[in-house]
Amino acid sequence: MAVNAERFLKDLHDLRGFGASGVGKGVVRPAYSEADVAARRWLASRMEDAGLQVRFDPVGNLFGLAEGPSLLMGSHSDSQPEGGWLDGALGVIAALEVARSAGRPVSVVSFQDEEGRFGVTTGSAIWSGHLPLAEADTLTDHAGVSFGAARAAMAGLAGDFVDPARFTGFVEMHIEQGPTLDTEGEQIGVVSDIVGIRDMKISFRGQQNHAGTTPMHLRRDAFQALSLFNARINDRFRNLVTSRTVWTIGHVALHPNASSIVPGRAQFSMQWRDGDAGRLARMEEIIRDTAHEVARETGMELEFGPLLGLEPVAMDARLKAALETGARDVAPGKWRTMPSGALHDATNVARLMPVAMLFVPSIGGISHDFAEDTDEADLVAGLRVLERAVEALA
């Protein structure tokens with residue numbers, strides 16, 4: 001086995017060309033966008049050139065299949081609305097290079113909508129059976145477009161779902177998306193476990209009114225309800241959470257969103273992550289109780305959207321040990337075992353087969369931003385760890 005580092009880096013840069021932002025190395029390649037579909041077509045051609053059988057499933061997950069039972073490797077190739085060039089893409093291109101070079105059968109996958117335009121790791125959630133397709137089709141993005149309508153962009157490519165029984169395990173390489181490796185001057189992180197996640201939309205509905213003539217004490221201002229909710233949540237989580245627990249209100253839509261109108265509706269995303277399923281459940285109770293309390297005090301109508309989520313997942317011991325062997329060979333004294341605070345497709349795939357993950361550093365800990373980057377020497381080091389791990393498994 002001999003991976004070709006130059007070919008690997010060229011493919012990675014070529015993939016960046018689909019949806020290139022014009023700002024640094026950033027990309028704009030959301031799921032089912034023209035850039036995303038074009039990138040998947042290009043990836044399919046590269047898989048064919050590598051001798052793999054190309055399959056698109058009904059939701060646009062792209063597989064390059066080796067003959068017979070094989071190890072599955074990959075990640076995703078869609079991006080955030082303002083994304084980096086490596087998030088997901090690195091794992092797909094590294095898998096492709098290993099598949100070209102390995103002395104054992106290796107298949108490649110690029111899952112669709114990992115970045116959650118419509119939910120939480122949508123493509124792999126559907127493939128793993130965690131999310132029924134009929135239910136997924138009703139999910140909508142922030143613009144109100146349904147998943148069912150969006151995936152029609154790939155209707156001409158779609159085939160049947162790939163049988164997961166043909167794979168012996170799944171390995172996903174990814175940038176860390178955090179500061180640990182970069183801060184410590186290390187090249188490789190072997191993942192021990194992935195945190196769980198919960199995500200839902202919450203809406204407060206008050207009374208839209210004139211911003212100049214409506215007295216403050218008579219207002220039913222939906223934004224003020226959101227503001228009060230946020231302050232109370234931060235206070236009430238204090239005695240429950242740990243240093244690894246995180247929560248985010250990341251998307252807010254005010255209606256009618258005008259300077260001279262008291263907002264009548266505030267819809268917002270509420271997302272929380274932790275490695276303990278019990279703590280995630282307790283956080284949900286606090287969120288719901290606090291929202292009801294705020295709604296009563298401020299005269300709001302309250303609505304909760306569907307609760308989406310995934311459970312915490314520990315990595316498979318055998319696959320993890322193979323990655324550790326590769327890390328010792330490639331980056332002696334410059335690697336560590338570490339948890340993943342970010343969510344990945346491996347969480348869903350773990351429902352079907354053993355999984356493991358490998359991290360390389362993110363410069364400055366930056367991701368989900370055009371400034372996302374990793375030194376190319378570290379990218380190649382990660383590729384060589386995968387190479388050694390596959391050799392060890394063989």
Side-chain angles (χ1 to χ4, degrees), residues 75-76 79-80 82-84 86-91 111 114-116 119-122 124-125 130 170-200 233-234 237-238 240-251 269-284 287 307-316 319-320 323-324 327 335-350 355-369 371-374 378 382:
S75 189
H76 63 96
S79 83
Q80 287 286 328
E82 293 187 3
L86 296 170
D87 181 359
L90 171 61
F111 288 112
E114 190 274 352
E115 297 292 6
V120 179
T121 59
T122 319
S124 60
H130 179 69
F170 176 65
V171 177
E172 181 173 4
M173 178 177 168
H174 211 279
I175 54 171
E176 181 195 346
Q177 301 181 285
T180 302
L181 295 175
D182 187 54
T183 300
E184 298 300 323
E186 295 171 333
Q187 277 194 308
I188 299 295
V190 177
V191 176
S192 56
D193 57 282
I194 304 172
V195 298
I197 186 173
R198 301 289 184 269
D199 189 292
M200 69 177 172
I233 280 294
N234 288 343
F237 280 168
R238 184 174 295 119
L240 172 66
V241 300
T242 73
S243 60
R244 285 185 58 193
T245 313
V246 295
W247 61 97
T248 307
I249 295 175
H251 182 271
S269 63
M270 185 72 215
Q271 184 185 102
W272 58 107
R273 307 184 191 212
D274 193 87
D276 182 90
R279 185 174 292 111
L280 291 170
R282 178 62 184 137
M283 292 174 73
E284 180 189 350
I287 288 166
L307 177 67
L308 304 176
L310 294 167
E311 299 305 310
V313 170
M315 300 295 96
D316 175 74
L319 294 178
K320 177 172 167 285
L323 291 175
E324 290 171 341
W335 69 279
R336 68 169 58 207
T337 300
M338 62 187 299
S340 172
L343 193 66
H344 300 285
D345 289 308
T347 299
N348 290 315
V349 181
V355 303
M357 286 198 69
L358 181 75
F359 283 166
V360 293
S362 294
I363 296 174
I366 297 172
S367 184
H368 288 186
D369 186 273
E372 172 187 288
D373 206 2
T374 298
D378 293 334

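Numbering of residues begins at 1 and proceeds along the displayed sequence.
At least one donor-acceptor pair under 3.5 Å links the side chain of Trp272 to the backbone N or O of Leu280. Side chain of Thr121 to backbone of His344: no donor-acceptor contact under 3.5 angstrom is found. Using a distance-only test at 3.5 Å, with no hydrogens or angles considered, a donor-acceptor pair links the side chain of Glu172 to the main chain of Ala346. At least one donor-acceptor pair under 3.5 Å links the side chain of Ser269 to the backbone N or O of Gly250. Formation of a donor-acceptor pair under 3.5 Å by the His130 side chain with backbone atoms of Gly309 is found in this model.
With sequence neighbours excluded, no residue satisfies side chain to side chain contact (heavy atoms under 4.5 Å, CB included) with Ala314. Under the side chain to side chain donor-acceptor pair (under 3.5 Å) criterion, Ser243 pairs with no residue, sequence neighbours left out. Residues forming a side chain to side chain donor-acceptor pair (under 3.5 Å) with Thr180 (at least two apart in sequence, or on another chain): Glu176. Here Thr374 pairs with nothing under the side chain to side chain donor-acceptor pair (under 3.5 Å) rule; sequence neighbours left out. Remark: Thr347 engages Ile194, Leu310, Val313, Leu343 in a side chain to side chain contact (heavy atoms under 4.5 Å, CB included) (not counting sequence neighbours).
When side chains are defined from C-beta on, Met357 counts as touching His174, because their heavy atoms get closer than 4.5 Å. Counting heavy atoms from C-beta on, the side chains of Met173 and Val360 come closer than 4.5 Å. Using a 4.5 Å heavy-atom threshold, the side chains of Gln80 and Asp369 count as separate. Within the 4.5 Å cutoff, side-chain heavy atoms of Thr242 are placed close to those of Asp274. At least one side-chain heavy atom of Val191 sits under 4.5 Å from a side-chain heavy atom of Phe359. In this structure the side chain of Met283 reaches within 4.5 angstrom of the side chain of Thr245, judged on heavy atoms. Residues Arg244 and Pro339 meet the side-chain proximity criterion, which asks for heavy atoms closer than 4.5 Å. Between Ile249 and Met270, the closest side-chain pair of non-hydrogen atoms falls below 4.5 Å.
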Item to check | Worked check of side chain to side chain contact (heavy atoms under 4.5 Å, CB included) between Arg282 and Leu240 | outcome: CA-CA 8 Å; Arg282 178 62 184 137; Leu240 172 66; 3.5 Å; yes
Checklist entry - Does the pair Ile287 and Phe237 meet the rule for a side chain to side chain contact (heavy atoms under 4.5 Å, CB included), with working shown? => result CA-CA 9 Å; Ile287 288 166; Phe237 280 168; 3.7 Å; yes
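Side-chain N/O atoms of Asp345 and His76 include no donor and acceptor closer than 3.5 Å. A side-chain N or O of Asn234 and one of Trp247 form a donor-acceptor pair less than 3.5 Å apart. Looking only at atom types and distance, the side chain of Ser362 has no donor-acceptor partner in the side chain of Gln177 under 3.5 Å away. Ser367 and Glu372 are linked by a side-chain donor-acceptor pair at a separation below 3.5 angstrom, with hydrogens and angles left out of the test.
In terms of heavy atoms, Gly91 sits closest to Ser75 at CA-CB, 3.9 Å.
Applying the salt bridge (charged side-chain N to carboxylate O under 4.0 Å, His left out) definition to pairs two or more places apart or across chains, those involving residues 180-189 are Glu186-Arg336.
Within a 6.0 Å sphere centred on CD of Glu284, other residues, nucleotides and ligands contribute more than 12 heavy atoms.
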